[in-house]
Amino acid sequence: QVQVVESGGGLVQPGGSLRLSCAASGIIFSIYSMGWYRQAPGKQREFIARISMDNLDIYADSVKGRFTISRDNAKSTAYLEMSSLNPEDTAVYYCNARDDYDRLAERDYWGQGTQVTVSS
């Protein structure tokens, strides 16, 4: 009964900002690292950012300095704050929850994705 649900996508103008949310249930959220990925039409899914159970974050070079990942364990929710958006950021954004306490268990869950469109 694991659920990973993204929300917050939509249409935004170039240079604008958007905040995505990822609510997870059915997991021990605090021991999962949370990641954001995106996929544009005709392209492979690419890594954007990940935040560990210890609140350490890493970013793809393409979004470093513009995007910020965070988590709220009390709400079992991860966030992706996006700013200085450009049309190249247009994609379906996916949330990933990975059990980083027991990596050998290979527990890995994906959300359904939320569309982000950057256009004037």
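Summarising the geometry, atom CD belonging to Gln39 is positioned 8.0 Å from atom CD belonging to Gln44; distances are rounded to the nearest 0.5 Å. Here the CZ atom belonging to Phe29 is positioned 6.0 Å from the OG1 atom belonging to Thr77, to the nearest 0.5 angstrom. To the nearest 0.5 Å, atoms OH (Tyr109) and CG (Asn96) are separated by 11.0 Å. The distance from the CH2 atom of Trp110 to the CZ atom of Arg45 is 4.5 Å, given to the nearest 0.5 Å. A distance of 8.0 Å separates CG in Leu80 from OG1 in Thr68, rounded to the nearest 0.5 Å. Atom SG of Cys95 sits about 11.5 Å away from atom OH of Tyr79, to the nearest 0.5 Å.
Counting only heavy atoms from C-beta outward, the side chains of Lys43 and Arg38 never approach each other to under 4.5 Å. You'll find the side chain of Pro14 stays beyond 4.5 Å of the side chain of Asn86, heavy atoms only. Inter-residue side-chain proximity for Ser21 and Lys75 is flagged as unmet; no heavy-atom pair is nearer than 4.5 Å.
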* Using the side chain to side chain contact (heavy atoms under 4.5 Å, CB included) rule, take Glu6 and Gln112 through it: C-alpha gap first, then chi angles, then the decisive distance, then the call. => CA-CA 7 Å; Glu6 304 95 334; Gln112 81 291 341; 2.9 Å; yes

* Candidate pair Ser119 and Leu11, rule side chain to side chain contact (heavy atoms under 4.5 Å, CB included), full reasoning -> CA-CA 7 Å; Ser119 176; Leu11 177 64; 4.2 Å; yes

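Hydrophobic clustering (side-chain heavy atoms under 4.5 Å, transitive across Ile, Leu, Val, Met, Phe, Trp, Tyr) groups Tyr101 together with Ile28. Follow the hydrophobic side-chain contacts under 4.5 Å out from Tyr93 and you never reach Val5; the two are in separate clusters. When the side chains of ILVMFWY residues are joined at heavy-atom separations under 4.5 Å, either directly or via intervening members, Val4 and Ile31 end up in a single hydrophobic cluster.
Partner Ser33 forms a side chain to side chain donor-acceptor pair (under 3.5 Å) with one of Asp99, Asp54, Asp57, Asp100 and no other, that one being Asp100. Screening Asp89, Thr114, Val116, Thr117 against Leu18 for a side chain to side chain contact (heavy atoms under 4.5 Å, CB included) leaves a single residue, Val116. Each of Ser76, Ser70, Cys22 was scored for a side chain to side chain contact (heavy atoms under 4.5 Å, CB included) with Met34, with one residue passing: Cys22.
The two residues Gly9 and Leu20 have their closest heavy-atom pair at N-CD2, 3.6 Å. Closest non-hydrogen pair, Arg71 versus Ser52, comes out as NH1-O, 3.0 Å. Heavy atoms only, all atoms of each residue included: Gln115 and Thr90 are closest at NE2-CG2, 4.0 Å. When every heavy atom of Tyr59 is checked against every heavy atom of Phe47, the shortest pair comes out as C-CE2, 3.9 Å. Among all heavy-atom pairs drawn from Tyr94 and Gly111, the shortest one is CD2-O, 3.6 Å. The two residues Ile48 and Tyr37 make their nearest non-hydrogen contact at CD1-C, 3.5 Å.
Summarising the local packing, NZ of Lys64 is surrounded by more than 12 heavy atoms from other residues, nucleotides or ligands at distances under 6.0 Å.
For the pair Arg107 and Tyr32, the NZ or CZ position fails the cation-pi test of under 6.0 Å to the six-membered ring centre and within 45 degrees of the ring normal.
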